[in-house]
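What follows is one structure encoded as structure tokens, with my remarks underneath.
All values below come from the heavy atoms of this structure, side chains included, with hydrogens, waters and symmetry mates left out. Keep in mind the model is a prediction, meaning the values are calculated, not measured.
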Amino acid sequence: MPTLSMFFGLIVEMYYAPKEHNPPHVHVRYQSNKASVNINTCELIEGNLSTRHLRFVQAWIEIHKDELLANWDLCMNGKEPFKIQPLN
């Protein structure tokens, strides 16, 4: 699973496999916590992140939504996604 970005100890990834289940989402890891976050709504789909870390991820998704959706399309077509700037 390629890493799209890393910031504040958060690692944001996206499965690089055609036919990944909808909705478009990213996978986030922080220490021992794992979560999936919807790209379109920024809602937590599953997993656990602290409120603070989830807000960082949600802000990053809002800023980079178009890039994330482009990456989703690449992944759904079996192509490698590109890196995205971290949240500063």
Side-chain angles (χ1 to χ4, degrees):
M1 184 167 21
T3 298
L4 302 179
S5 194
M6 293 187 291
F7 50 91
F8 306 129
L10 295 153
I11 300 169
V12 183
E13 303 168 315
M14 188 176 284
Y15 279 121
Y16 177 22
K19 311 293 187 230
E20 170 70 357
H21 62 90
N22 279 310
H25 61 280
V26 293
H27 297 268
V28 182
R29 291 187 292 128
Y30 179 78
Q31 296 176 351
S32 63
N33 297 315
K34 294 180 182 179
S36 297
V37 182
N38 185 308
I39 295 170
N40 289 311
T41 65
C42 295
E43 293 176 352
L44 182 67
I45 297 171
E46 67 177 324
N48 250 338
L49 284 178
S50 70
T51 301
R52 176 176 177 243
H53 290 109
L54 179 58
R55 287 184 181 153
F56 286 147
V57 172
Q58 290 168 326
W60 180 81
I61 289 172
E62 284 293 335
I63 293 166
H64 298 287
K65 190 173 285 188
D66 291 339
E67 294 165 277
L68 287 164
L69 290 172
N71 267 343
W72 182 263
D73 287 340
L74 287 171
C75 287
M76 293 305 97
N77 289 300
K79 298 179 182 170
E80 187 172 354
F82 54 87
K83 303 281 188 208
I84 299 176
Q85 289 294 316
L87 191 62
N88 293 326

Ser5 side-chain N/O to Ile84 backbone N/O, donor-acceptor pair under 3.5 Å: yes
Reference residue Thr41; test side chain to side chain contact (heavy atoms under 4.5 Å, CB included); the match among Leu44, Ile45, Val37, Asn38: Asn38
Among Asp73, Leu74, Asn71, side chain to side chain contact (heavy atoms under 4.5 Å, CB included) partner for Lys79: Leu74
Flag yes if [X] and [Y] sit in one hydrophobic cluster, no otherwise; membership is Ile, Leu, Val, Met, Phe, Trp, Tyr, and two members link when side-chain heavy atoms are under 4.5 Å apart.
| X | Y | answer |
| --- | --- | --- |
| Met6 | Phe82 | no |
| Leu68 | Leu87 | yes |
| Met76 | Ile39 | yes |
| Met1 | Ile11 | no |

Which atom of Lys83 lies closest to which atom of Thr3, heavy atoms considered: NZ-O, 2.7 Å
Shortest non-hydrogen contact from Ser36 toward His27: OG-ND1, 3.3 Å
Out of curiosity, [X] [atom1] to [Y] [atom2], how far, rounded to the nearest 0.5 Å?
| X | Y | atom1 | atom2 | value |
| --- | --- | --- | --- | --- |
| Leu4 | Glu67 | CG | CD | 10.0 Å |
| Glu46 | His25 | CD | NE2 | 7.5 Å |
| Arg29 | Leu10 | CZ | CG | 10.5 Å |
| Thr51 | Gln58 | OG1 | CD | 9.0 Å |

Listed partners of Phe7 passing ring pair (Phe, Tyr, Trp, His ring centres under 6.0 Å), at least two apart: Trp60
Side chains of Asn22 and Trp72 in contact at under 4.5 Å (non-hydrogen atoms): yes
Ring geometry between Phe8 and Phe56 (parallel below 30°, tilted from 30 to 60°, perpendicular above 60°): tilted
